[in-house]
Protein chains: 2
Amino acid sequence: MLNDSDKQAQKQQKASLYAKVADALRHEINEGRHPVGGLLDTEAELARRFQVSRHTVREALRLLRDDGLVSSRRGSGTRVMSPLVNARDSHQVMSINDLVMFSGDTTFAIETSEVVKLSQESASLLGLEAGQEWLQISGLRYRKGESLPMGWSSYYIPHEYAHIARLIHRATGPVFVLMEDFTGYKVTEVQQKISASAMPRHLAESLQTDLSVAALMVRRTYLTEESKVLQVTLNIHPADRFQHAMTMRRVRKG
Amino acid sequence: MLNDSDKQAQKQQKASLYAKVADALRHEINEGRHPVGGLLDTEAELARRFQVSRHTVREALRLLRDDGLVSSRRGSGTRVMSPLVNARDSHQVMSINDLVMFSGDTTFAIETSEVVKLSQESASLLGLEAGQEWLQISGLRYRKGESLPMGWSSYYIPHEYAHIARLIHRATGPVFVLMEDFTGYKVTEVQQKISASAMPRHLAESLQTDLSVAALMVRRTYLTEESKVLQVTLNIHPADRFQHAMTMRRVRKG
DNA sequence: GTTCATTTGTACGTATGTATA
DNA sequence: GTATACATACGTACAAATGAA
């Protein structure tokens with residue numbers, strides 16, 4: 001049986017050069033040799049010190065950046081991040097099972113596609129401003145092979161992008177990916193709100209359900225870096241046909 | 001005002017070369033030009049096609065890999081991932097607003113604390129096996145300063161750890177942290193299921209609500225690395241008093 | 001089972017662009 | 001404006017894994 005330092009040594013021996021450099025720097029940072037908030041040695045200095053090329057140093061620093069341990073800025077340098085921020089356990093990584101719902105598992109039967117002016121009521125439901133115009137695409141969503149719809153989906157898209165409506169018909173992946181592709185914006189934040197309510201009267205018939213069944217409402221707002229709303233989706237499900245599942249995992253450290 | 005393609009073009013013009021290559025490939029994949037599960041062109045081919053160096057192609061592919069869109073294997077090639085798996089949401093970092101709920105914001109008024117044998121019904125609700133014995137701690141949860149309860153909370157803990165019940169009374173942070181501390185296990189995974197239902201008859205009175213109001217049910221299962229269930233919590237909220245909010249953010253690099 | 005061409009991974013060198021101080 | 005430091009991009013070479021002959 002190998003002890004820890006043996007194991008570590010063995011590990012280091014097999015590791016790539018940039019991984020060794022990264023481990024060395026990680027160790028130095030953890031030991032407090034580089035003050036938090038301070039600048040790390042420059043890439044050129046590190047290359048000299050470890051007797052490797054700058055390329056190798058950059059690959060090593062990339063690993064540390066991916067771990068949130070350091071942060072680099074062009075012209076400035078590479079800074080050691082606060083351990084409060086890095087801490088790896090503080091951010092948990094989740095796989096969002098139900099976003100998968102929007103790919104191959106389900107089909108979306110579009111019923112309406114039109115530009116609408118938001119009423120006070122629907123605006124508050126969507127978290128948008130009343131009176132604004134949005135492209136609204138609505139329809140029933142079915143699980144593959146099932147005849148009862150799993151819910152009613154509505155997409156709201158800024159009316160200036162109304163022309164991508166036709167693309168959504170043959171879309172395979174999530175719609176917001178299409179939106180990113182065609183607007184040039186990048187979604188950096190998704191806000192999700194899940195609530196319960198009574199079954200909306202006007203949907204009971206299409207959903208082939210009873211007004212006594214509760215509804216699960218899932219609203220997602222897709223925001224760009226500049227906080228522009230690129231898309232809002234609202235999904236309304238009969239309580240007995242859908243539940244929102246999610247798994248959070250502690251990130252394992254390298 | 002710029003139209004879409006102008007904006008996209010402008011954005012592309014400012015972007016780095018490898019970002020442009022990545023965007024082009026992303027676009028091709030989204031359009032279905034590269035079959036899912038199939039091999040992408042080799043790095044050398046892409047370099048020739050885009051008239052860039054292999055280095056630039058590799059940087060572009062790195063972006064796509066980070067997004068989970070493709071996956072590379074030495075000796076084999078670069079494969080287009082299933083859209084079920086990719087969708088880049090696989091690594092998103094979320095701040096779980098509602099887990100905060102269990103700390104300072106709210107108070108928990110314990111009403112019952114006893115070891116129960118799970119009925120078939122409650123077992124299926126909890127995702128546990130019927131007939132097993134669990135410590136059940138239940139009570140009303142209040143927001144600070146409010147007189148109406150925001151919901152009914154139940155904690156289920158393996159009966160062999162029943163002695164930590166008394167600790168929960170004065171607990172400040174999340175209960176599962178206590179559990180980790182006293183069992184020596186570490187929670188590596190939390191499964192969450194959110195569903196809607198009718199208001200359970202036996203809770204309407206304590207919650208001071210009406211049977212006509214729907215209920216939002218949030219179940220969390222805390223698992224150790226060995227998939228041992230360390231804790232299950234079930235929260236039942238009147239639809240008008242609670243909604244589950246969550247924010248997902250793309251991890252920023254650099 | 002071995003050999004061999006293919007393909008990605010690692011590592012080096014060099015040069016230039018661009019943001020920062 | 002100038003020097004510095006990271007970012008981008010070109011090139012080359014070899015290592016290691018893969019898969020087919």
Side-chain angles (χ1 to χ4, degrees), chain A residues 10-26 28-29 34-35 37-81 186 225 254, chain B residues 10-26 28-29 34-35 37-81 86 251-254:
Chain A
Q10 196 190 39
K11 196 170 190 173
Q12 300 243 340
Q13 203 169 18
K14 295 196 68 170
S16 56
L17 197 46
Y18 71 83
K20 288 183 204 168
V21 174
D23 280 346
L25 289 173
R26 198 195 307 278
E28 289 178 10
I29 291 171
H34 302 281
L39 288 175
L40 212 61
D41 300 334
T42 69
E43 295 178 350
E45 282 166 353
L46 292 173
R48 268 199 307 276
R49 179 147 79 86
F50 288 103
Q51 286 295 297
V52 297
S53 72
R54 189 179 156 220
H55 170 78
T56 301
V57 169
R58 282 186 63 74
E59 287 298 317
L61 289 179
R62 198 197 296 261
L63 288 182
L64 300 185
R65 274 197 299 270
D66 287 349
D67 278 357
L69 211 61
V70 302
S71 154
S72 301
R73 278 175 65 198
R74 171 185 297 190
S76 172
T78 299
R79 203 167 287 276
V80 178
M81 300 298 283
K186 194 165 156 64
E225 183 133 39
Chain B
Q10 195 190 40
K11 202 158 200 172
Q12 299 244 338
Q13 203 169 18
K14 296 194 66 171
S16 57
L17 196 45
Y18 70 83
K20 287 183 206 168
V21 173
D23 280 345
L25 289 173
R26 197 195 309 277
E28 288 177 11
I29 292 172
H34 302 282
L39 287 176
L40 211 62
D41 301 333
T42 68
E43 295 177 350
E45 283 167 352
L46 292 173
R48 266 198 308 277
R49 180 147 79 85
F50 288 104
Q51 286 293 298
V52 298
S53 70
R54 186 178 159 221
H55 169 78
T56 302
V57 169
R58 282 186 62 75
E59 287 297 318
L61 289 179
R62 196 196 300 259
L63 287 182
L64 300 185
R65 274 197 300 271
D66 287 349
D67 279 357
L69 210 62
V70 301
S71 152
S72 302
R73 277 177 66 198
R74 169 187 297 191
S76 174
T78 299
R79 203 166 287 278
V80 178
M81 299 298 284
N86 79 53
V251 262
R252 63 176 174 284
K253 314 237 146 187

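Lettering follows sequence order; numbering is per chain, from 1.
In this structure, CG of B:L39 is placed 15 Å from P of C:dT6, rounded to the nearest angstrom.
A pairwise comparison of heavy atoms in A:S72 and A:R65 identifies OG-NH1, 2.8 Å as the closest pair. Contact record, A:L63 with A:A22: CD1-CB, 3.9 Å, taken as the closest heavy-atom pair.
Here the straight-line distance linking atom CZ of A:R54 with atom CG of A:L46 works out to 11.0 Å at 0.5 Å rounding. Atom NE2 of B:H55 and atom NE2 of A:H55 lie 7.5 Å apart (nearest 0.5 Å). For the atom pair OH of A:Y18 and CG of A:D23, the computed distance is 11.0 Å after rounding to the nearest 0.5 Å. Atoms CG and NE2, from B:L69 and B:H34 in turn, are 10.0 Å apart once rounded to the nearest 0.5 Å. Here A:L25 contributes atom CG and A:L61 contributes atom CG; the two are 6.5 Å apart, rounded to the nearest 0.5 Å. Considering CD of A:E43 and CZ of A:R58, their distance stands at 4.5 Å, rounded to 0.5 Å.
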Once base and sugar-phosphate atoms are separated, protein heavy atoms under 4.0 Å mark nucleotides 8-14 of chain C, 5' to 3', with B, S and - as BBBBBS-

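Two end axes, each from the C1' atoms of five base pairs, can be drawn for the helix from C:dT2-D:dA21 to C:dA21-D:dT2; they diverge by 20°, to 10 degrees.
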